Enquirer: 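Right, I'll just put the structure down here and ask away after.
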There are 2 protein chains.
Amino acid sequence: MILESMKTYRSFAAGDVILWRGEPLEFVASMVSGVATLSKTLEDGRTQMVGLLLPSDFIGRPGRTEIEFDVTATVDVTLCCFDRTKFEKVVQETPHIAQRLMELALDELDAARDWMLLLGRKTAREKIATFIEMLARRSNLQASFDAPEIKLNLTRDQIANYLGLTLETVSRQFSALKKDGIIDFADRKHFTLKDLAALRDETGDDADGGVVA
Amino acid sequence: MILESMKTYRSFAAGDVILWRGEPLEFVASMVSGVATLSKTLEDGRTQMVGLLLPSDFIGRPGRTEIEFDVTATVDVTLCCFDRTKFEKVVQETPHIAQRLMELALDELDAARDWMLLLGRKTAREKIATFIEMLARRSNLQASFDAPEIKLNLTRDQIANYLGLTLETVSRQFSALKKDGIIDFADRKHFTLKDLAALRDETGDDADGGVVA
DNA sequence: CGTGTTATTGATAGGTTTCAAGTTCGGTGG
DNA sequence: CCACCGAACTTGAAACCTATCAATAACACG
């Protein structure tokens, strides 16, 4: 059985929920385009993002019939989907796919653990600096001249849910970094990074690039 | 090649560091006895535990030559070790081991994401309640009569590093739960759970046992 | 029975949240 | 094209929770 023959494409509009927590999981998928978030919610509504999905990231887990978090499209999303049970058969017949999936899971685990350090121990300013540094690292792959313009695909509220803050604190910290000349906003969704070294100093991480994820 | 023929046992005393972050990884291992912690540290010394290893848990990752966190024995630990490169060969020759390891990684990932919710959004009291509930769930497997005595293998400081709190706050929350009649301390390392339902109400999680970890 | 480590408890300070106006922005319809 | 409208964002003031600083108490160990 060949994966190519099993794939279908599905699209979701910005704001759509792709998967609900606890819902039977009928497909696994690969992100083709867009941005999606994984989030968990407490009974009183407090929510925490536990992952960010970008193109090439994988959704779903062979062997699991449901997931423990909601998956939501933050901008328009296109997925390349495979029927879950069929996919599982292919995995069993093709050992190196299991290894590849394990490596993806371990990468996610490393990223999750970096995020645990951020959530548990970093100040608001360090959280924002770390977040921006992460965006810069990813954006640089596409456009790497000295003062790259970076696009925010998330609202302040979504950033707050990612960093374990409130949207007001996120806004205040952006303003503070701007006042300190580290970043500059073109508009609310686009900013430029003016001083990467200073930003790194604000992340709280080791001077050498200790953070990998 | 058979795994049985490759194993060696190694022991570590309470407090010993089993693996340093960044150190070349020469073996993978399975916990035989004891408790070990995974932790990450910021440049100024703030630390955050990112995992807890109990008997049967796995250490190390095929395909990685180093790890991103320190592994420390909190009580005496015995490991069953396998040479990393030899183990990797066995994994490649034995497909279902890769699948099993992937499932372990996914379990850890689920646990990490529950912990992200705790670190990012729960109050000190909710963190402590969640922590105790987790201990109770694990202890119940061994001794399941109505008011089980639970042993704390961690110091207040280690609990604080696990929960993203200070040791003083941990101590205060334990005292508060005792004052409210939810737990009762025999001594500083042993307590009994007097009101599981009340404890669950304090975790902030859904009423149905939504948390799986 | 000291002595050092670990834990408890109190007082204070500080950072983030909460509550509450305003403001900017993007989209829509006149 | 412009005015309006709602959503997203910014900013301020006050409250609250947790951290910090400090002193005391309990325990483990020699």
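Computed from a predicted model, the values in this text were never measured in an experiment. Chain identifiers are assigned alphabetically (A, B, ...) following the order of the sequence lines, protein sequences preceding nucleic acid strands; residue numbering begins at 1 within each chain.
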Enquirer: Using only heavy-atom distances, determine whether the side chains of T47(B) and K40(B) contain a donor-acceptor pair under 3.5 Å.
Expert: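 Short answer, no.
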Enquirer: Answer yes or no: does a side-chain N or O of S171(A) lie under 4.0 Å from OP1 or OP2 of dT11(D)?
Expert: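 For dT11(D), neither OP1 nor OP2 has a side-chain N or O of S171(A) closer than 4.0 Å.
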Enquirer: Give T169(A) one of three labels, base, sugar-phosphate or nothing, depending on what nucleic acid heavy atoms sit under 4.0 Å from its own.
Expert: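 Answer is base: heavy atoms of T169(A) come under 4.0 Å of a base.
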Enquirer: Is there a donor and acceptor pair closer than 3.5 Å between the side chain of R125(A) and the base of dG15(C)?
Expert: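 By the distance-only test, no, there is no pair.
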Enquirer: When the nearest nucleotide of DNA chain C is assigned to L154(B) and to R172(B) on a heavy-atom basis, which residue is associated with the more 5' position?
Expert: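 So the residue in question is L154(B).
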Enquirer: Classify K189(A) by what it touches in the nucleic acid, base, sugar-phosphate, or nothing, heavy-atom distance under 4.0 Å.
Expert: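 Result for K189(A) = sugar-phosphate.
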Enquirer: Given side chains that start at C-beta, do those of R21(B) and E68(B) come closer than 4.5 Å, heavy atoms only?
Expert: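 Sidechains of E68(B) and R21(B): in contact.
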Enquirer: Are more than 12 heavy atoms, taken from residues, nucleotides or ligands other than E26(B), located less than 6.0 Å from that residue's CD atom?
Expert: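 Result for CD/E26(B): open.
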Enquirer: Relative to the 5' end of DNA chain C, which residue comes earlier, T123(A) or R188(A), by the nucleotide with the nearest heavy atom?
Expert: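 Result of the comparison: T123(A).
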Enquirer: In terms of the nearest nucleotide of DNA chain D, which residue is placed more toward the 5' end: V170(A) or R121(A)?
Expert: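 It is V170(A), whose closest nucleotide lies nearer the 5' terminus.
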Enquirer: Quick one: do R172(B) and E168(B) make a salt bridge, cutoff under 4.0 Å?
Expert: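 Salt bridge between R172(B) and E168(B), a charged N being under 4.0 Å from a carboxylate O: no.
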Enquirer: Any base atoms under 4.0 Å from R156(B), or only sugar-phosphate, or nothing? Heavy atoms, all strands.
Expert: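 Sugar-phosphate, backbone atoms only, no base.
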Enquirer: Taking CD from E168(B) and P from dT18(D), how many angstroms apart are they, rounded to a whole number?
Expert: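 The answer, rounded to whole Å, is 13 Å.
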Enquirer: Atom CG of D44(B) and atom P of dA19(D): how far apart are they, to the nearest Å?
Expert: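 Atom-to-atom, D44(B) to dA19(D), this comes out as 14 Å.
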Enquirer: Reckon T166(B) has a side-chain N or O less than 4.0 Å from the OP1 or OP2 of dT18(D)?
Expert: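 No, T166(B) has no side-chain N/O under 4.0 Å of OP1/OP2 on dT18(D).
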Enquirer: Rounded to the nearest angstrom, tell me the gap between atom CG in D157(B) and atom C1' in dA7(C).
Expert: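 So the CG-C1' distance, D157(B) to dA7(C), works out to 11 Å.
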Enquirer: Could you state the atom-to-atom distance from CG of L167(B) to P of dA19(D) in whole Å?
Expert: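 Result: 10 Å.
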Enquirer: At 4.0 Å (heavy atoms only), tell me whether L165(B) reaches a base, stays on the sugar-phosphate, or touches nothing.
Expert: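 Result for L165(B) = sugar-phosphate.
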